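To keep things clear, I will list the structure first and then write my remarks on it.
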There are 2 protein chains.
Amino acid sequence: MSPRNKELNEEIKDARREQILSNALKLFARKGLAATKITDISTASNISQGLLYHYYKSKEQIFVELLRDAYDKMIAAALVLESLPLSPLEKIKMAIEKLLQGFDENKDTAYYYLLINQASIFEAIPDEAKEIVKGRFLLYDVITRIITDGQKDGTFKKYDAKDMAVVFWTSLNGLAIYNAVQGEKFKAPDANILIGMFIEKVSPTN
Amino acid sequence: MSPRNKELNEEIKDARREQILSNALKLFARKGLAATKITDISTASNISQGLLYHYYKSKEQIFVELLRDAYDKMIAAALVLESLPLSPLEKIKMAIEKLLQGFDENKDTAYYYLLINQASIFEAIPDEAKEIVKGRFLLYDVITRIITDGQKDGTFKKYDAKDMAVVFWTSLNGLAIYNAVQGEKFKAPDANILIGMFIEKVSPTN
DNA sequence: GTCTATATCCAGATAGAC
DNA sequence: GTCTATCTGGATATAGAC
């Protein structure tokens, strides 16, 4: 086989993988791992059911790969946010706004949320997925640090920082679910409503 | 068959139904409808798999019955709350506190939440379940009314009341999920963190 | 009312042809 | 790389005995 053909094949293969993952993400998010049939994925991807096994060993493997993507993206974003030269309040604001607008612009964001949720809630997931979910605490830690900073500089309310981080994440998670369920109808609520949990007086200009 | 035996049988039957529902609730909540096998339910209930069909026509029927219970309880509680002789702020406070402490005291509360969530998110649920989910707007309406009242009397912030109701429910929902996932480890965060979304100055004494 | 045994079906995964 | 055909296993649901 010539190098050219080899390259071409690789491209096709990558494209297929992308295609499969993208379709599987939506299906897993809206039907759940167990209810999503392997034929659902192959049909959505316009390939035969047999061919799917050429790319992935099992349904579970696809799920795990997507879940890993979801966490990688989320944690990377959180760490970038933390490292930005912004005040704690600005960071929290940015996180909320970015997430809320991400829901609107990019359906995948909401789907990734649903995937993470599912993996967090359900016991009936692959062991590998359970391992990935354990990395969740990293997300809480980043936000806890930002909140603690904001308390030190006096802008944030003085509730337990860990509690605040929990409420931060669970609230956004709740909104992400709502968004995914609402679909096109979803209209992001004013970010300042949420910010009211963190600071005493929300400036109307922001 | 004598009346006494008939009564006894009815009692047994009712007890069994209760037993089945209670076990199924936990299983559905933690594994999901699709991943929960009918044998999971029968095993948890200490009855044979065949006997389960004596009480329920199918797995789906059990799910629907539980979902209906969940909504009935939730909506009833919301309407009672609304009718209490309390200020809007007191009502919101009570709702948050009751829900948070309900999570702690009664595992079923959190499980019901997970069930409703599942039914809201997943497309792969029985048609009857989809119908029930449509009643969801009632919950949002009650809270929207309370918030609107609170805005009229000047205690609540003046964001869009519907938005605030959405954030209210989605936040509590997010917390319920977190609680269910954490299990015994769950410690309810200070309710005042959430109340900060609604009013300008949270009194430290409450 | 309860159990065990069985029929049926369907989804996951593999094999082999092109 | 891709498809069709097939095997296998497991889950739902039913039948029939006690």
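All values derive from a computational prediction rather than experimental measurement. Order of the sequence lines sets the chain letters (A, B, ...), proteins ahead of strands, with each chain counted from 1.
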Item to check | Contact state string [nucleotides 3-18 of chain D, B base, S sugar-phosphate only, - no protein heavy atom under 4.0 Å] | outcome: BB------SBBB----
Item to check | Over all atoms of both residues, closest heavy-atom pair of A:D163 and A:D160 | outcome: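 So the two residues come closest at N-OD1, 2.9 Å.
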Next on the checklist: Would A:T148 and A:Q151 count as a side-chain hydrogen bond (donor to acceptor under 3.5 Å, both in side chains) here? Give the steps.
Outcome noted: CA-CA 5 Å; A:T148 306; A:Q151 289 176 327; 4.7 Å; no
Would you be so kind as to tabulate the donor-acceptor pairs closer than 3.5 Å made by side chains of residues 99-108 of chain B, with sequence neighbours excluded?
| unit_1 | atom_1 | unit_2 | atom_2 | d |
| --- | --- | --- | --- | --- |
| B:N106 | OD1 | B:D108 | N | 3.0 |

Item to check | Aromatic ring proximity, centroids under 6.0 angstrom, A:Y178 and B:Y140 | outcome: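 Yes, close enough.
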Checklist entry - When you look at A:S58 and A:Q61, which way does the side-chain hydrogen bond (donor to acceptor under 3.5 Å, both in side chains) test go after all the steps? => result CA-CA 5 Å; A:S58 67; A:Q61 201 198 333; 5.1 Å; no
Checklist entry - Once you round it to whole Å, what is the distance between P of D:dT2 and NE2 of A:H54? => result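 Roughly 7 Å, once rounded to whole Å.
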Checklist entry - Looking at B:E82 and B:R145, does any basic side-chain N land under 4.0 Å from a carboxylate oxygen? => result yes
Checklist entry - Taking the six-membered ring for Trp, are A:W169 and A:Y113 parallel (under 30°), tilted (30 to 60°) or perpendicular (over 60°)? => result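 Answer is tilted, since the angle falls between 30° and 60°.
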Checklist entry - Is there a donor-acceptor contact under 3.5 Å from the side chain of A:E128 to the main chain of A:E65? => result no
Item to check | Distance test, side-chain N/O of A:Y56 to OP1/OP2 of C:dA13, below 4.0 Å | outcome: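 No.
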Checklist outcome for this item: Dot-bracket for DNA chain C, 5' to 3', Watson-Crick and G-U pairs with both distances under 3.5 Å, [ ] for crossing pairs, | for partner on another strand, reads |||||||||||.||||||
